[in-house]
J.: 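The following block contains the structure, expressed as structure tokens.
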Amino acid sequence: MSKADGQLFSDASHRLTTALEHVDLPDDVLETLKYPKAQLGVSIPVRMDNGELKIFPGYRVRYDDTRGPAKGGVRYHPGVSFDEVQSLAFWMTFKCAALNLPFGGGKGGITVDPKALSRMELERLSRGYVDAIADFIGPDVDILAPDVYTNPMIMGWMMDQYSIIKRQICRGVVTGKPLAIGGSVGRDTATGMGAFFVIEAMKPKLNLNPAQTTVAVQGFGNAGAVVAELLDQAGYKVVAVSDSQGGIYAPQGLDITSIRKQKEASRAMKAVYCEGSVCSLIEHETITNDQLLTLDVDLLIPAALENQITADNATQIQANYIFEVANGPVTSAADAILEQKGVTVFPDILVNAGGVTVSYFEWVQNRSGLYWTEAEVHRQLRQKMVEETETIWLIAQTKQVSVRTAAYAHALNRIGEAVTAQGTRDYYVNHRI
Ligand code: NAD
């Protein structure tokens, strides 16, 4: 598929075009970043438990690897398409550069409803995916990780399958693995914790007083539940949370730790509406996901899927600040409306970069064979998130641009340096050794 075919991708690359106005880079950089480096589409045959053979479409896109091996998660969802995977790979390129990780951007996915599969079918599908893409990935080529509806156990199967194919233990081909087979402590909470560090770094600059700061979180999964709980523990008033089934709202604040426990026990937010400690602890209303997005809160944290805030609902957003924990939850059309309304959006490529940052730490630990303590992971994660948040905020203030444009410009400068280091038109035409 060409880059021009997908709506999501054309929306994603619109951000690149905007950022380009604020950087001074050789044309070669733009030319390099216009196209994905490599794309792979595969058909994965899976023998189902009832004996039937089913074929699932799978994808892997390596968008750019000028700064290092491609890095990016694998998504299992019925809505997965080439367009989506390519957009996610594009975002990963900028995210890794924004955080100064020695990686390029990649992404993968399978069009499947994982909830409809048995565990053994899921294992066969995951191993089948690795069989199909094994020649396309590798610890120094393209490294997998978890994304929506994939988890450490699936990463463990993938690492094992790749190791079987290569006839050697290859821990570094996958991050987000279980600890027992080379995972890093702190990877499971890294995305939410990274987002929390971004908010904490912005607290003095935005004059946020946690006790008076209300927060709504859409998506109560790996990323959303962790940032909600850390904010709750830090004294912020988390007034609304939701999952794919719906949401709950309490103006006086929710007890996130007990909601997490309930959700883990029941696997659905719906089940905490009127059961167990949450209901007995605090009065609350049930709300839809659409209602959650337009609540009158200080911080809105979309942490579910892309395209949640669009031109259709952007005018109704009442939050002052949006922190994008999900990838691509705000469309570029919505960005323009929000900017006019004075809503500041902190972009995905910064806010949710804690996940890939600790994935990087995991890859480093796999290569060195020396494993870090949780305190060390948290210390290094905080340092990276705070440093890059402050730099990006400074660029936004200095250049008077949105935080998103500042983050892209910051990443572009780093990618630009790498492209330039390999020679540009100017070098080839005007210089002699
Ligand atoms: P997850 O599968 O653990 O959680 C997703 C959550 O969103 C679930 O609670 C699900 O019920 C909910 N959800 C799904 N559809 C919804 C809808 N229409 N409305 C409201 N809620 C809905 O996934 P995750 O790992 O937490 O990822 C969430 C987002 O964060 C994705 O955009 C992902 O790309 C991004 N992200 C995740 C990581 C990571 O390390 N987990 C890293 C970077 C970015």
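All ligand and atom numbering here is 1-based and tracks the order in the structure.
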J.: Any idea which protein heavy atom is nearest atom 5 (C) of ligand 1, and the distance to it?
T.: G221 CA, 4.2 Å
J.: Taking 4.0 angstrom as the limit, do D140 and R367 come out as a salt bridge?
T.: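 Answer for the salt bridge query: yes.
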J.: What atoms of ligand 1 come within less than 4.0 Å of a heavy atom belonging to D147?
T.: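 What qualifies from ligand 1 is 33 (C), 34 (O).
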J.: Is atom OH of Y360 surrounded by more than 12 heavy atoms (other residues, nucleotides or ligands) closer than 6.0 Å?
T.: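 Counting other residues, nucleotides and ligands, OH of Y360 stays at 12 neighbours or fewer.
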J.: Going by the atom numbers of ligand 1, which of them fall below 4.0 Å from some non-hydrogen atom of S244?
T.: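 Those qualifying, in numeric order: 10 (C), 11 (O), 12 (C), 13 (N), 14 (C), 15 (N), 16 (C), 21 (N), 22 (C).
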J.: Would you check the N or O atoms of R75, main chain and side chain alike, for any that come under 3.5 Å of an N or O of ligand 1?
T.: yes
J.: Side chains of T213 and K203: is there a donor and an acceptor less than 3.5 Å apart?
T.: no
J.: Suppose we measure from atom 37 (C) of ligand 1 to each protein heavy atom; which comes out shortest, and what is that distance?
T.: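 Answer for atom 37 (C) of ligand 1: T191 CG2, 4.2 Å.
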J.: Taking heavy atoms and a distance under 4.0 Å, where does V325 meet ligand 1: side chain, backbone, both or neither?
T.: backbone
J.: In the protein, what heavy atom is nearest to atom 31 (C) of ligand 1, and what distance, to one decimal place, separates them?
T.: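 That would be A304 O, 3.1 Å.
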J.: Parallel, tilted or perpendicular: which fits the ring planes of F94 and Y408, with parallel below 30° and perpendicular above 60°?
T.: tilted
J.: Using distance alone, with no hydrogens and no angle criterion, decide if D298 and T214 have a side-chain donor and acceptor under 3.5 Å apart.
T.: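 Side-chain D/A pair, D298 to T214: present.
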J.: I need the contact type for A303 against ligand 1. Using non-hydrogen atoms and a strict under-4.0 Å cut-off, is it side chain, backbone, both or neither?
T.: backbone
J.: Please determine if D160 and K177 form a salt bridge, counting it only when a charged side-chain N lies under 4.0 Å from a carboxylate O.
T.: no
J.: Got a salt bridge between R75 and E306, using NZ or NE/NH1/NH2 to carboxylate O under 4.0 Å?
T.: yes
J.: Give the atom numbers and elements of ligand 1 that come within less than 4.0 Å of a heavy atom of A326.
T.: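 In order of numbering, the contacting atoms are 29 (C), 30 (O), 32 (O), 35 (C).
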J.: Can you tell me if R187 contacts ligand 1 (heavy atom of the residue under 4.0 Å from the ligand)?
T.: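 True for this residue.
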J.: Taking atom types as modelled, find out whether N313 and D290 have a side-chain donor-acceptor pair closer than 3.5 angstrom.
T.: no
J.: Strictly below 4.0 Å, N to O, side chains only: are E123 and R127 in salt-bridge contact?
T.: yes
J.: Within ligand 1, which atoms have a heavy atom of L305 less than 4.0 Å away?
T.: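 So the atoms of ligand 1 that pass are 15 (N).
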J.: Verify the distance criterion only: is there a donor paired with an acceptor across the side chains of D49 and S118 at less than 3.5 Å?
T.: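 Indeed, the side chains of D49 and S118 share at least one donor-acceptor pair under 3.5 Å.
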J.: As an exercise, identify every atom of ligand 1 less than 4.0 angstrom from a heavy atom of Q218.
T.: 19 (N), 20 (C)
J.: With respect to atom 36 (N) of ligand 1, which of T357, N327, V356 exhibits the smallest heavy-atom separation?
T.: N327
J.: Nearest protein heavy-atom contact for atom 2 (O) of ligand 1: which residue, which atom, what distance?
T.: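 Ranked first by proximity to atom 2 (O) of ligand 1 is Y149 N, 3.4 Å.
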J.: Which residue and atom name correspond to the protein heavy atom nearest atom 20 (C) of ligand 1, and how close is it?
T.: N289 OD1, 3.0 Å
J.: Starting from atom 3 (O) of ligand 1, what is the nearest protein heavy atom, named by residue and atom, and what distance separates them?
T.: N222 N, 2.8 Å
J.: Distance to 0.1 Å, residue and atom name: give those for the protein heavy atom nearest to atom 27 (O) of ligand 1.
T.: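 I find the closest protein heavy atom is V148 CG2, 3.9 Å.
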J.: Ignoring angles and geometry beyond distance, decide whether S242 reaches within less than 3.5 Å of ligand 1 through its nitrogen or oxygen atoms.
T.: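 For ligand 1, there is no N or O atom that lies under 3.5 Å from one belonging to S242.
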J.: When you compare the side chain of I154 with that of Y149, does any pair of heavy atoms fall below 4.5 Å?
T.: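 Not in contact.
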J.: Determine the sole option in R379, Q383, K384, M385 for which the side chain to side chain contact (heavy atoms under 4.5 Å, CB included) test with L381 is passed.
T.: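 Of the listed residues R379, Q383, K384, M385, the side chain to side chain contact (heavy atoms under 4.5 Å, CB included) partner of L381 is M385.
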J.: Just which atoms of ligand 1 are under 4.0 Å from any heavy atom in F220?
T.: 9 (O)
J.: Quiz question: by atom type and distance under 3.5 Å, do the side chains of R187 and S359 form a donor-acceptor pair?
T.: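 Looking only at side-chain atoms, S359 and R187 do form a donor-acceptor pair, the distance falling under 3.5 Å.
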J.: For ligand 1, which atoms, with element, lie under 4.0 Å from some heavy atom of A223?
T.: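 That gives atoms 26 (O) of ligand 1.
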J.: Indicate the ring-plane relationship of F346 and Y321, choosing parallel, tilted or perpendicular according to the 30° and 60° boundaries.
T.: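 If you compare the ring of F346 with that of Y321, the planes turn out tilted.
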J.: Could you list which atoms of ligand 1 come closer than 4.0 Å to a heavy atom of D243?
T.: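 Ligand 1 atoms under the 4.0 Å threshold to D243: 9 (O), 11 (O), 20 (C), 21 (N), 22 (C).
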J.: Is the closest heavy-atom distance from P146 to ligand 1 below 4.0 Å?
T.: no
J.: I need the nearest protein heavy-atom contact for atom 18 (N) of ligand 1: residue, atom name and distance, please.
T.: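 Nearest protein contact, heavy atoms only, for atom 18 (N) of ligand 1 is Q308 OE1, 4.5 Å.
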